[in-house]
Structure formats: structure tokens, C-alpha cells
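Bear in mind the structure is a predicted one, so any value in this text is a computation, not a measurement.
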There are 2 protein chains.
Amino acid sequence: MTRAEAADMPDDGAPRTPDRLRRRASRLLSQLTVRSDRLINEGLAQAADARKWHYAVLASLQDFGPGSQATLSGRTGIYRSDMVGVLNELAERGFVERAPDPGDRRRNIITISAEGRRHLRRLDKVLDDLHDELLAPLNPAERDQFVQLLTRLLDHHARTS
Amino acid sequence: MTRAEAADMPDDGAPRTPDRLRRRASRLLSQLTVRSDRLINEGLAQAADARKWHYAVLASLQDFGPGSQATLSGRTGIYRSDMVGVLNELAERGFVERAPDPGDRRRNIITISAEGRRHLRRLDKVLDDLHDELLAPLNPAERDQFVQLLTRLLDHHARTS
DNA sequence: CCGAAAACGTTAGTGGAACGAACGTTGACG
DNA sequence: CGTCAACGTTCGTTCCACTAACGTTTTCGG
């Protein structure tokens, strides 16, 4: 033994973390979200040169039709300040069109293009695969449960915010 | 009607988000974690002038005894670069002591103080309350389930990292 | 009908968290 | 003894949620 590192190593090399720390839901959430975000970001970047916000915007356009940037902000939860950049990226790639609203010249009307629709289908597939990886340890019933629980918690804290 | 904003408003004022977006586990995780982090940070700051890192370090010291900064990094998951600041804050408040290791002058040995122990007890209570708020919509069995699921997912992705 | 207030898109910037690079000091080891 | 690794530390980067302010355009109350 070079020296007794002991006490932190459960004899298999990994440093030990106190249970009361490891069991805290807030900590589990934070840590898992870091991994999840990394997985999704890297996956989207590499498989489709995309970011998760692209998906949010395109899906919102596809499912609810064209809208102003402010509307899209509301639908997706992306801040209007950040929406600018996202739409620039999407417009650059030809996935959306940004046109001034003739009826209200403060607004832009954002429309999804045919290419955008195709891209969205691709993103949906990529995300399906990535979520399969994310939720790998859970069986279908448990995945549903997990999503259920998350949804209930989020709903509660969204109303209360 | 001033104008038909329609389509995004389920007739109760809240903008509508596509289901495929709302159901993605990664998105639920991100959003919930934002709320959770905010709840915990604000709660700790206001009730105990503390940050969550403080809890991690103090709990690790209490449960596994003194250690070097590197050991604490391993136990808590805090980067050694960030550990410096955390320990400064804790030492300033008299919750830990930072003393050079006589047996290895590269290291500092960090020890929790009596005050630190008291503070940790307080933090534990505050965190209990905050988690009660965080998990409010779930009954005890569901909370256990939730923690179970999170743990399994995190374990899987920690090994695979 | 006019002036104040609000909404819109946009730019710039803040604060926190996770993480990497590099450096001087000190110990381990062939 | 010389090389290499570990330690604490400083500095910097990147990403995300979020705020502030501004010019333009529209709405609305008096």
C-alpha cells in the first residue's frame, strides 16, 4: 500500500459520497441533467448539426403553425433574446422563413419550410434514439412512470412560479 | 377580441407547447432542474446564508472524516478548481479548518469544526424542508420511486461516462 | 385625436455552473 | 538523482437562463 488512502474508497477505486448527499433529489436532478444535456447536445450536433432549440422551434411551427417570434418564445420557453439567434441559424439553413407581418409591422412571421419539415423528422428520429440511450436502464413502464413524475413536478412548480 | 391571438392559447391564457416537446424526458429534466436549483439556492441562501456546495463538503467531512481538498473533490464531485473558493467561504465562517498536512506538504487537511457540525445540522433541516416543497405533489411512495429512478439512471450514465 | 403606455425584435451584458490549462511546490519511484 | 505525478491555486472558457435598455410600431385612455 503506497499509503492508506482508505475511508473514501469502497475498496474498488471510486471515491465515496455520503448517502444523505447522494439521495437528495435536487442533487440527482442536477447531476443527471448535466449528463442528459451533454448527451442530447452532442448527439444533435454530431448527427444533425443541430441544437435542441432548433427542435423546439421547428416542432412548435409544425404543430401550431406560423407565429411571431414572441409567440414562439411562449410556445417553446426560449427567451425572446435568445430566439433571435436560434432563428438566424434556422433561417441560414433554410428551415424557416422570417417575413415581416404586413398587418403589424412590429412583428416577424416565422414559417417552417419544406426542408424544415424534413429536418424536423430527422431530429425526431435522432432524439428518439438519444432518449433510448438516456433511459436505457428503464423498461417501458418505468419510462412512462418517470415522465409522469417529472411532468407532475414540473406542472406544480410552473404554476407556482 | 382585440385580435385573434388564438391557436397558442388553450383559451385560458397560457401559450401552448407541442406534446412531443413537452414529453421529452431530457426537456422535463432540464426544466425541472432549473426550478429545483433555484428553489434550493434561494432557500439555502436566505435561510442559512449558504450554498449547496457547502452542504456537500460539510456532509462529506462529517460522514467520512477529514481529508485533503483533492479527496473532498472526489467525494463531492466538486471540481478542485472550484473547491478552493468553497473552502475559503467555509473557513471564513469558521465551519472548517484548513491546515497543511505535516506528512505531505503538498496537501491541506480540511477538518470540520464544532460550529461546522451545528451548521450542517441546520442545513440538513433546511434541505429537508426544501425537498418537501420540491416533491410536494408526490406521496412518500412516489418520492421513493422518483429517487430510485433517478439513481438508476445516474448510476448508468456515471459508469458509462 | 393625441400622448402615454405597451409590445415587438434586437443587442449587450450578468451570474452561476461545469470544466480545462497551466504553474509552482512537493512527494514518489525507478 | 532525475523524471514524473499529485496537490492547491489562478485564470479562462463555454453554456444556459435571464435582465436591461433601445428604437420602432401599435394600442388605448382621456
* Given atom CG of N108(B) and atom C1' of dA6(D), what is their separation to the nearest angstrom? -> 13 Å
* To do: Mind running side-chain hydrogen bond (donor to acceptor under 3.5 Å, both in side chains) on R107(A) and S68(A) for me, showing each step along the way?
  => CA-CA 6 Å; R107(A) 304 185 182 195; S68(A) 71; 4.6 Å; no
* Asked: 5'-most contact on DNA chain D: G103(A) or R80(B), nearest heavy atom basis?
  -> R80(B)
* To do: Would you mind reading off the distance between R106(B) atom CZ and dG24(C) atom P, rounded to a whole angstrom?
  => 17 Å
* **Donor-acceptor pair between S73(B) and R80(B) side chains, under 3.5 angstrom** => no
* Asked: From dA5(D), dT10(C), dT9(D), pick the nucleotide closest to the side chain of V84(A)?
  -> dT10(C)
* Would you kindly say whether S36(B) and T33(B) are connected by a side-chain donor-acceptor distance under 3.5 Å? => no
* To do: Mind running side chain to side chain contact (heavy atoms under 4.5 Å, CB included) on L127(A) and Y55(A) for me, showing each step along the way?
  => CA-CA 9 Å; L127(A) 282 176; Y55(A) 178 72; 3.4 Å; yes
* To do: Would you please confirm or rule out a distance under 4.0 Å between OP1 or OP2 of dT27(D) and any side-chain N or O of R105(A)?
  => no
* Main-chain N/O of I110(B) paired with R98(B) side-chain donor or acceptor, under 3.5 Å -> no
* Asked: Should N88(B) be listed as having a side-chain N or O under 4.0 Å from OP1 or OP2 of dT9(D)?
  -> no
* **Lys/Arg-Asp/Glu bridge criterion (N-O < 4.0 Å) met for D63(A), R75(A)** => no
Give every pair of a protein N or O atom and an N or O atom of nucleotides 13-20 of chain C that lie under 3.5 Å apart, one pair per line with the distance.
from, atom 1, to, atom 2, distance (Å)
dA17(C), OP2, R51(B), NH1, 3.4
dC19(C), OP1, R38(A), NH1, 2.5
dC19(C), OP1, R38(A), NH2, 3.0
dC19(C), O5', Y79(B), OH, 3.4
dC19(C), N4, D82(B), OD1, 3.2
dG20(C), OP2, Y79(B), OH, 3.1
dG20(C), O6, S81(B), OG, 3.0

* Using only side-chain N and O atoms of R107(A), determine if any of them is under 4.0 Å from OP1 or OP2 of dC8(C). => yes
